[in-house]
Amino acid sequence: MKFLSMYKTVERNTPPTAEEMEAMGKLVEQGFKEGWLVATEGCLPSAMGARVRRDGSKISVTDGPFTESKEVVGGFAILKANSKEEAIQMAKDFLNFVGDGECELRQIYEMDGPNAAPCTTHEVALKA
């Protein structure tokens, strides 16, 4: 099974220190070697981002920073786990490593995995 882990934290205005980058690099390298980490990326500050929202027929764009948010997505990872419980433990381990924040876990739909379901023509068209 694969899970998307979205790391949410209070946005900081300073880049990570060299020590923080080195420690995170070691954790990421370990995850890839052990096979539980499929992909990971960090996000740049929300001031460089935008939110695109649709409400009925109206589409609006709001440029960052997103000051109304207490927490922003700081990064994400794709985790490979045997169960939801294992993915939760991975998130706990990550939070113990980085400190305060929250990881939202969402299982990723896989066409040929244990949770595979028949796909309708409409669903296939949406994925194309």
Side-chain angles (χ1 to χ4, degrees):
M1 292 182 222
K2 291 182 196 168
F3 289 84
L4 170 64
S5 175
M6 292 171 280
Y7 173 56
K8 299 176 186 177
T9 188
V10 174
E11 190 165 36
R12 51 192 262 191
N13 295 321
T14 58
T17 65
E19 293 81 17
E20 290 170 326
M21 290 297 292
E22 183 179 344
M24 184 60 71
K26 287 179 182 177
L27 178 67
V28 168
E29 183 178 341
Q30 175 187 355
F32 283 131
K33 281 183 181 177
E34 294 177 2
W36 53 264
L37 185 60
V38 177
T40 188
E41 295 292 339
C43 295
L44 293 172
S46 68
M48 300 173 75
R51 288 188 177 154
V52 182
R53 179 172 287 137
R54 179 178 171 179
D55 184 9
S57 63
K58 181 183 176 194
I59 295 180
S60 62
V61 177
T62 305
D63 289 327
F66 309 125
T67 55
E68 71 277 4
S69 299
K70 289 184 180 180
E71 296 181 331
V72 296
V73 176
F76 72 89
I78 305 290
L79 308 174
K80 187 175 181 183
N82 293 312
S83 65
K84 179 180 175 184
E85 291 73 22
E86 185 178 10
I88 289 170
Q89 185 59 52
M90 290 176 186
K92 287 179 179 179
D93 293 344
F94 175 77
L95 290 171
N96 282 331
F97 178 81
V98 297
D100 291 344
E102 168 185 284
C103 287
E104 179 179 334
L105 294 171
R106 303 283 302 275
Q107 187 170 352
I108 297 172
Y109 180 83
E110 298 178 74
M111 289 290 294
D112 55 356
N115 299 317
C119 228
T120 66
T121 306
H122 179 70
E123 289 172 319
V124 171
L126 288 175
K127 292 177 184 176

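This one's a predicted model, so the numbers in the text were calculated from it and none came from an experiment.
Between Arg12 and Glu20, at least one side-chain nitrogen of the basic residue sits less than 4.0 Å from a carboxylate oxygen of the acidic one, meeting the salt-bridge criterion. A salt bridge is absent between Lys84 and Glu86; no separation between the charged side-chain nitrogens and carboxylate oxygens falls under 4.0 Å.
Smallest separation of non-hydrogen atoms from Asp100 and Thr9: O-OG1, 3.5 Å. Considering all non-hydrogen atoms of both residues, Leu37 and Ala77 come closest at CD1-CB, 3.8 Å. Taking every heavy atom of both residues into account, Met24 and Phe94 meet most closely at CE-CE1, 3.8 Å. Considering every non-hydrogen atom in both Ala81 and Met90, the closest pair reads CB-CE, 4.0 Å. The nearest pair of heavy atoms linking Ala87 to Leu79 is O-CD1, 4.4 Å.
Cluster annotation: Val38 is connected to Met6 through the hydrophobic network of ILVMFWY side chains, with a link wherever side-chain heavy atoms come within less than 4.5 Å. Hydrophobic clustering places Phe97 together with Leu105 (ILVMFWY residues linked when any side-chain heavy atoms are closer than 4.5 Å, directly or through intermediates). Val98 and Val10 fall into different hydrophobic clusters, where Ile, Leu, Val, Met, Phe, Trp and Tyr are joined by side-chain heavy atoms under 4.5 Å apart, directly or via other members.
In terms of the side chain to side chain donor-acceptor pair (under 3.5 Å) criterion, Thr40 has no residue partners (sequence neighbours excluded).
A distance of 6.0 Å separates CE of Met1 from OG of Ser83, quoted to the nearest 0.5 Å. Rounded to the nearest 0.5 angstrom, Ile108 CD1 and Lys80 NZ are separated by 12.5 Å.
Outside the 6.0 Å centre-distance limit, the rings of Phe76 and Tyr7 are not counted as a close aromatic pair.
Judged by distance alone, with hydrogens and angles left aside, the side-chain atoms of Glu110 form a donor-acceptor pair with the main-chain N or O of Lys2 at under 3.5 Å. Checking side-chain atoms of Glu11 against main-chain N and O of Ser46 turns up a donor-acceptor pair under 3.5 Å. With hydrogens and angles ignored, the 3.5 Å screen pairs no side-chain donor or acceptor of Arg53 with any backbone N or O of Asp55.
Applying the salt bridge (Lys or Arg N to Asp or Glu O under 4.0 Å) definition to pairs two or more places apart or across chains, those involving residues 24-40 are Glu22-Lys26, Glu29-Lys33. Every pair tested for ring pair (Phe, Tyr, Trp, His ring centres under 6.0 Å) that includes a residue from residues 19-38 fails, sequence neighbours excluded, so the list is empty.
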